[in-house]
Amino acid sequence: MATTPAPHPQAPPKPTWDPRDPVRPLLRPTIRIRLTLLYGGMFLIAGILLLSIIYLFTAQALSDSTSQLPFKVVNGTVQPTSAICQLPVNPTGDQLNDAVTLCLRHQSDRALDDLLRRSLFALLGLSIIAFAFGYAMAGRVLSPLGRITRTARQVAGSDLSRRIELDGPDDELKELADTFDEMLDRLERAFTAQQRFVANASHELRTPLAINRTLLEVHLSDPGAPVELQQLGKTLLATNERSEQLVEGLLLLARSDNQIIERKPVDLAEVAERGVDQVHAEAESRGVEIRGERAPAVVQGNGVLLERITLNLLQNAVRYNVPEGGWVEVTTETQHGQAVLVVSNTGPVVPAYEIDNIFEPFRRLRQDRTGSDKGVGLGLSIARSVARAHGGRIIAEPREGGGLVMRVTLPI
């Protein structure tokens, strides 16, 4: 039964002006105009406040200096009121003028010093207020950018249904938000088409392969079939099985390239145990010992895909090993808030410059694409895609003496 696709969220309203039109409204409330008005107004208000405070301090200093003169007249004689202002005995007119001038200069210097001290305190207070107000206003102006960033992070988690839908004037930020929403619409349609294609390809590719396998098994079950026909049937059955593995690997690789939306607690130790059980028979047939201690390491993810990582790494470690006395060590632990799965094995010496190539699809070490019956060349590519889908990574390192050390790190 065909499922009805979920309705797309309503697109945000388009701006009233065309962003591609070089002739734009002159009074369009752009971010530049808004910031100019905002910071210009703040500077004007701060200047008015500072001038008003300086005016008040100056008036107060002049009032203090004129209300308390440095001398006073008593019975027709001039007596100083400060130790700085000393008048000579029986002064002449010039001496009295010089003394009074010196006293007034001292009085004005003291008033200027007091004015400077108070102005500095006023400037410090206004600076604190200006920085606090500017920080608050900058946060208000930049809040749409924070909304855009949060939406982008949610989209990075494969939630393509999220939209910004920014309200407000048709400025540069709203233009950016509307453009981002339009891009998300296209991405959602593209991913939906990709998922539909993967589902259709899964059905179209699996069906003929399954039919071929059934027909071959039926003919091989005939005891009267010639030996040559049976040998040909076995060869075709092995080729068909290889094609099925290739199709399954490609489909899994396509699915695992995206982030995992539904996550559940998964213990890597348990996943590793299941992987060891699945390759145990093959390891015994090849004379490879599987060992290692596996401590609990619980992560949030998809158990089936995480088991695929372990199984692919173990199969590679068993198949690409030494003919005699080989071993594979599988350990799980938690380090620095992360779960770590390590699969190391004996094997041929791997050059360091070939490490990056082994994660590419259909790439093997010093082997042709179809020159090996050990797999289809997608195991490590799938493992890396699954690790990335869980927000982790996988690193390969050559082991001293031959073989590899595969380290998978996943966030807890």
Side-chain angles (χ1 to χ4, degrees), residues 206 209-210 212-214 216-218 220-221 230-231 233-253 256 266-297 302-332 341-348 350 358 362 364-365 367 370-384 386-387 394 396 399 401-408:
R206 286 172 176 171
L209 292 175
N212 290 340
R213 184 179 70 253
T214 303
L216 290 172
E217 290 175 348
V218 169
L220 289 176
S221 63
Q230 290 184 356
Q231 184 65 32
K234 292 180 180 180
T235 303
L236 292 177
L237 188 62
T239 304
N240 191 83
E241 181 180 359
R242 180 182 176 87
S243 299
E244 289 180 341
Q245 293 178 359
L246 177 60
V247 170
E248 292 293 336
L250 288 173
L251 294 176
L252 182 60
L253 183 62
S256 61
V266 180
D267 189 357
L268 283 185
E270 182 180 355
V271 171
E273 289 292 344
R274 289 201 297 265
V276 170
D277 293 340
Q278 295 183 53
V279 300
H280 182 72
E282 183 178 1
E284 282 189 347
S285 64
R286 295 176 180 269
V288 177
E289 176 190 2
I290 300 180
R291 63 191 186 189
E293 298 181 359
R294 290 169 281 279
N302 184 291
V304 176
L305 293 180
L306 291 177
E307 184 178 344
R308 173 61 62 177
I309 291 182
T310 307
L311 182 60
N312 288 355
L313 295 182
L314 285 173
Q315 287 177 344
N316 279 352
V318 170
R319 295 171 183 176
Y320 296 94
N321 215 304
V322 294
E324 296 181 358
W327 53 263
V328 175
E329 187 174 35
V330 186
T331 62
T332 58
L341 167 68
V342 180
V343 178
S344 55
N345 68 300
T346 54
V350 180
I358 63 177
F362 309 111
R364 299 187 181 90
L365 298 177
Q367 293 184 7
T370 59
S372 173
D373 59 349
K374 298 179 180 179
V376 296
L378 290 173
L380 294 182
S381 300
I382 294 173
R384 182 178 62 176
V386 173
I394 179 171
R399 197 184 71 85
L404 290 173
V405 177
M406 311 293 293
R407 183 181 302 271
V408 181

Is there a side-chain contact between Asn312 and Gln315, using heavy atoms and a 4.5 Å cut-off?
-> yes

Steps toward side chain to side chain contact (heavy atoms under 4.5 Å, CB included) verdict (Met406, Leu380) = CA-CA 10 Å; Met406 311 293 293; Leu380 294 182; 3.9 Å; yes

If only atom types and distance count, is the side chain of Asn321 paired as donor or acceptor with the main-chain N or O of Ala317 below 3.5 Å?
-> yes

Taking atom CZ of Arg213 as the centre, report whether more than 12 heavy atoms of other residues, nucleotides or ligands fall under 6.0 Å from it.
-> yes

Are side-chain heavy atoms of Asn345 and Leu404 found at a separation under 4.5 Å?
-> yes

Identify the heavy atoms of Ile394 and Ala383 that sit nearest to each other, and give their distance.
-> CD1-CB, 4.3 Å

Measuring from Leu305:CG to Glu307:CD, what's the distance to the nearest 0.5 Å?
-> 10.0 Å

Say you draw a straight line from CD of Glu284 to CD of Glu289; how long is it, rounded to the nearest 0.5 Å?
-> 11.0 Å

How many angstroms lie between atom CD of Glu273 and atom NE2 of His280, to the nearest 0.5 angstrom?
-> 11.5 Å

What pair of heavy atoms forms the shortest contact from Leu237 to Leu220, and how long is it?
-> CD2-CD1, 3.9 Å

Working to the nearest 0.5 Å, report the span between CG of Leu268 and OG1 of Thr310.
-> 6.5 Å

Using atom types as modelled and distance alone, determine if a side-chain donor or acceptor of Asp267 lies under 3.5 Å from a backbone N or O of Ala297.
-> yes

Given side chains that start at C-beta, do those of Val408 and Leu313 come closer than 4.5 Å, heavy atoms only?
-> yes

Heavy atoms of Thr331 and Gly292 approach each other most closely as CG2-CA, 4.2 Å

Closest non-hydrogen contact found for Gln278 with Leu311 is OE1-CD2, 3.5 Å

Are the side chain of Arg294 and the backbone N or O of Val330 linked by a donor-acceptor pair below 3.5 Å?
-> yes

How far apart are the closest heavy atoms of Val405 and Ser344, and which atoms are they?
-> CG2-CB, 3.8 Å

Spacing of Arg407 atom CZ and Leu341 atom CG [to the nearest 0.5 Å] = 10.0 Å

Thr346 (side chain) donor-acceptor with Trp327 (main chain) under 3.5 angstrom = yes

